Amino acid sequence: GHDGKTNIPSPESQAEQKPFNFQVSIEHFIITGGSALLNERRVAIDFSIRNLAGVLNYQAAREVLETHIRYDGVFDRSSEAKPSIPYTFSADMDYTRATLVAQRIVVSSGKSDVKLQGRINQVLSSDISGKLEYTGTVEVPFLNYFFTEEMFAGKTEVAGNLEFSRGYFLTRGKTASNAVDFEGWHATKFTGEYAYQYPDKKLSVRNLSAAIVDGTLTGNVVVESLPGPSRVLLDLDYGGIDAANLARAYPWDPQYRIFS
């Protein structure tokens with residue numbers, strides 16, 4: 001283009017510039033073992049989507065490509081011996097001068113869905129960076145895609161923001177749930193402020209609050225080196241806990257139990 005940032009030519013100027021409209025609909029689209037040349041670097045492509053539908057509208061006077069796109073895809077993790085994640089992607093976006101403005105993005109998987117809005121700069125460059133805000137509802141069993149042995153139940157509301165650039169990712173926000181279950185433990189009125197940063201690989205949940213085993217739990221939790229062999233740091237205060245409900249976690253002989 002005339003800005004020297006892409007190899008996609010701009011349409012020639014015309015005396016009377018009219019919008020260019022284009023629609024596409026594809027039932028099943030697969031690329032396997034493919035490659036593409038991006039910023040003079042060849043990258044591998046493995047891509048499979050279904051029910052692709054899109055509407056593109058190019059405004060020549062403004063040099064803006066308006067797009068609406070929707071498709072069903074699968075995040076394939078079979079090469080890592082991990083379960084693949086099916087999802088649906090729907091978005092209204094504007095592209096201009098190497099910048100993508102996300103008016104609305106919705107990503108759904110099962111009963112979980114997250115809505116995002118924001119801006120991504122230098123889309124076709126190794127200097128890509130972006131900032132987006134999001135809200136959503138996440139089914140807690142979605143974590144089984146990453147922790148396959150544990151048992152989860154419940155759902156939680158999330159609201160936060162994320163930013164990324166080459167080799168860097170940060171997200172932070174707030175979460176709240178009426179009820180969450182983990183390995184048979186049932187917590188209600190769960191709230192917390194979370195943050196995850198890469199390359200630090202650190203997850204923190206601050207100002208955590210929940211009702212559990214007939215008592216209350218408050219404090220902070222930090223998980224270091226996530227993903228990977230992790231270390232969990234706990235700074236928790238609890239009160240009103242019914243010790244009898246802890247028996248299955250600490251199966252001591254009854255003569256050594258003290259109930260309060």
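What you are looking at is a predicted structure, and each value in this text was computed from that prediction instead of being measured. All values below were derived from every heavy atom in this structure, side-chain atoms included, with hydrogens, water molecules and symmetry-related copies excluded.
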Peer 1: Looking only at heavy atoms, which two atoms of Val140 and Ala153 are closest? And how far apart?
Peer 2: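 Looking at all heavy atoms of both residues, the closest pair is CB-O, 3.7 Å.
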Peer 1: Kindly write out the residues that satisfy ring pair (Phe, Tyr, Trp, His ring centres under 6.0 Å) with Tyr145, not counting sequence neighbours, or none if the list is empty.
Peer 2: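 Expected list: Phe142.
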Peer 1: Taking ring pair (Phe, Tyr, Trp, His ring centres under 6.0 Å) as the definition, give me every residue that meets it alongside Phe164, ordered by chain and number, with sequence neighbours left out.
Peer 2: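 Ring pair (Phe, Tyr, Trp, His ring centres under 6.0 Å) check on Phe164 returns nothing, list empty.
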Peer 1: Clusters formed by hydrophobic residues whose side-chain heavy atoms approach within less than 4.5 Å: which one holds Leu170, and what are its other members?
Peer 2: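 Leu170 clusters with Tyr168.
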Peer 1: If we count only N and O atoms by modelled type, under 3.5 Å, do the side chains of Asp94 and Gln103 hold a donor and an acceptor together?
Peer 2: yes
Peer 1: Tell me, which pairs form a salt bridge (Lys or Arg N to Asp or Glu O under 4.0 Å) where one or both residues lie in residues 102-121, sequence neighbours left out?
Peer 2: Asp92-Arg104, Asp113-Lys115
Peer 1: Among residues two or more places apart or on two chains, list those pairs meeting salt bridge (Lys or Arg N to Asp or Glu O under 4.0 Å) that have a residue in residues 156-166.
Peer 2: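 Those involving residues 156-166 are Asp127-Arg166.
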Peer 1: Report the residues that fulfil side chain to side chain contact (heavy atoms under 4.5 Å, CB included) with Asp214, sequence neighbours left out, ordered by chain and then residue number.
Peer 2: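 Asp242, Asn245.
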Peer 1: Kindly indicate whether the side chain of Tyr87, heavy atoms from C-beta on, has any atom under 4.5 Å from the side chain of Tyr71.
Peer 2: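 With C-beta onward as the side chain, the pair touches.
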Peer 1: Using a 6.0 Å cut-off, check whether atom CG of Asn178 has over 12 heavy atoms from anything other than its own residue.
Peer 2: no
Peer 1: Cluster question for you: counting only ILVMFWY and a side-chain heavy-atom cut-off of under 4.5 Å, with indirect links fine, are Val180 and Phe152 together?
Peer 2: yes
Peer 1: Can you give me the closest heavy-atom contact between Ser84 and Val74, atom names plus distance?
Peer 2: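 In terms of heavy atoms, the two residues are closest at CB-CG1, 3.7 Å.
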Peer 1: For Glu139, check side-chain hydrogen bond (donor to acceptor under 3.5 Å, both in side chains) against everything at least two apart and list the hits.
Peer 2: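 Not a single residue meets the side-chain hydrogen bond (donor to acceptor under 3.5 Å, both in side chains) criterion with Glu139.
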Peer 1: Report the residues that fulfil side chain to side chain contact (heavy atoms under 4.5 Å, CB included) with Thr171, sequence neighbours left out, ordered by chain and then residue number.
Peer 2: Tyr134, Leu162, Phe169, Tyr194, Tyr196
Peer 1: Evaluate whether atom CD of Glu133 has more than 12 neighbouring non-hydrogen atoms of other residues, nucleotides or ligands under 6.0 angstrom away.
Peer 2: no
Peer 1: For Ser177 and Lys189: C-alpha separation, side-chain torsions, deciding distance, then whether side-chain contact (heavy atoms from CB on, under 4.5 Å) applies.
Peer 2: CA-CA 6 Å; Ser177 175; Lys189 302 177 182 178; over 6 Å; no
Peer 1: Are more than 12 heavy atoms from other residues, nucleotides or ligands located less than 6.0 Å from atom NZ of Lys155?
Peer 2: no
Peer 1: Quick check for you: to the nearest 0.5 Å, what is the distance between Ile128 atom CD1 and Ser165 atom OG?
Peer 2: 10.0 Å
Peer 1: Quick one: OG1 on Thr99 to CG on Asn121, what's the gap to the nearest 0.5 Å?
Peer 2: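 If I round to the nearest 0.5 Å, the distance is 5.0 Å.
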Peer 1: List in chain and number order the residues that pass side chain to side chain contact (heavy atoms under 4.5 Å, CB included) with Ala176, two or more places apart in sequence or in another chain; answer none if no residue qualifies.
Peer 2: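 In terms of side chain to side chain contact (heavy atoms under 4.5 Å, CB included), with neighbours along the sequence ignored, Ala176 is linked to Thr191.
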Peer 1: Say whether Ile85 and Val114 are linked into one hydrophobic cluster, either directly or through other cluster members, by side-chain heavy-atom distances under 4.5 angstrom.
Peer 2: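 Looking at the clustering, Val114 is in the same group as Ile85.
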Peer 1: In the structure I gave you, are the side-chain heavy atoms of Leu56 and Glu66 within less than 4.5 Å of one another anywhere?
Peer 2: no
Peer 1: For residues Leu226 and Val222: do they belong to one hydrophobic cluster (side chain heavy atoms under 4.5 Å, members Ile, Leu, Val, Met, Phe, Trp, Tyr)?
Peer 2: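 No; Val222 is not reachable from Leu226 via cluster members.
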Peer 1: If hydrophobic clusters are built from ILVMFWY residues whose side chains come within less than 4.5 Å, do Tyr58 and Val64 share one?
Peer 2: no
Peer 1: What pair of heavy atoms forms the shortest contact from Pro199 to Gly167, and how long is it?
Peer 2: CD-O, 3.5 Å
Peer 1: Quick check for you: to the nearest 0.5 Å, what is the distance between Leu208 atom CG and Leu217 atom CG?
Peer 2: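 Spacing of CG (Leu208) from CG (Leu217) equals 6.0 Å.
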Peer 1: Do side-chain atoms of Ser108 reach the backbone of Thr88 as a donor and acceptor pair under 3.5 angstrom?
Peer 2: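 No; zero donor-acceptor contacts below 3.5 Å.
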Peer 1: How long is the gap from OG1 on Thr156 to NZ on Lys174, to the nearest 0.5 Å?
Peer 2: 13.5 Å
Peer 1: Check side chain to side chain contact (heavy atoms under 4.5 Å, CB included) between Ala91 and all other residues, then give those that pass, not counting sequence neighbours.
Peer 2: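 Partners of Ala91 by the side chain to side chain contact (heavy atoms under 4.5 Å, CB included) criterion, ordered by chain and then number, come out as Ile69, Phe89, Met93, Ile105.
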Peer 1: Among the clusters formed by ILVMFWY side chains lying less than 4.5 Å apart, do Met151 and Val138 turn up in the same one?
Peer 2: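 Hydrophobic grouping puts Met151 apart from Val138.
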Peer 1: Tell me the side-chain hydrogen bond (donor to acceptor under 3.5 Å, both in side chains) pairs involving residues 216-225, sequence neighbours left out?
Peer 2: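 Passing the test, one end in residues 216-225: Glu224-Arg231.
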Peer 1: Can you tell if the side chain of Lys201 reaches within under 4.5 Å of the side chain of Ser230, non-hydrogen atoms only?
Peer 2: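 The answer is no, as the side chains (C-beta and beyond) never meet within the 4.5 Å cut-off.
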Peer 1: Working note: Thr96 + Arg62, criterion side-chain contact (heavy atoms from CB on, under 4.5 Å); need CA distance, chi angles, decisive distance, verdict.
Peer 2: CA-CA 8 Å; Thr96 180; Arg62 297 166 49 217; over 6 Å; no
Peer 1: Any heavy-atom pair between the side chains of Phe190 and Thr175 that's under 4.5 Å?
Peer 2: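 In short, these two side chains touch, coming nearer than 4.5 Å.
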Peer 1: Calculate, to the nearest 0.5 Å, the distance between atoms CG and CG belonging to Leu132 and Leu116 respectively.
Peer 2: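 Answer for the CG-CG pair, Leu132 versus Leu116, is 6.0 Å.
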Peer 1: So how far is it from Leu124 CG to Gln122 CD, rounded to the nearest 0.5 Å?
Peer 2: 9.0 Å
Peer 1: Taking salt bridge (charged side-chain N to carboxylate O under 4.0 Å, His left out) as the test, write out the residues that go with Lys82, two or more places apart.
Peer 2: Glu80
Peer 1: Do Tyr95 and Thr67 come close enough that some side-chain heavy atom pair is under 4.5 Å?
Peer 2: no
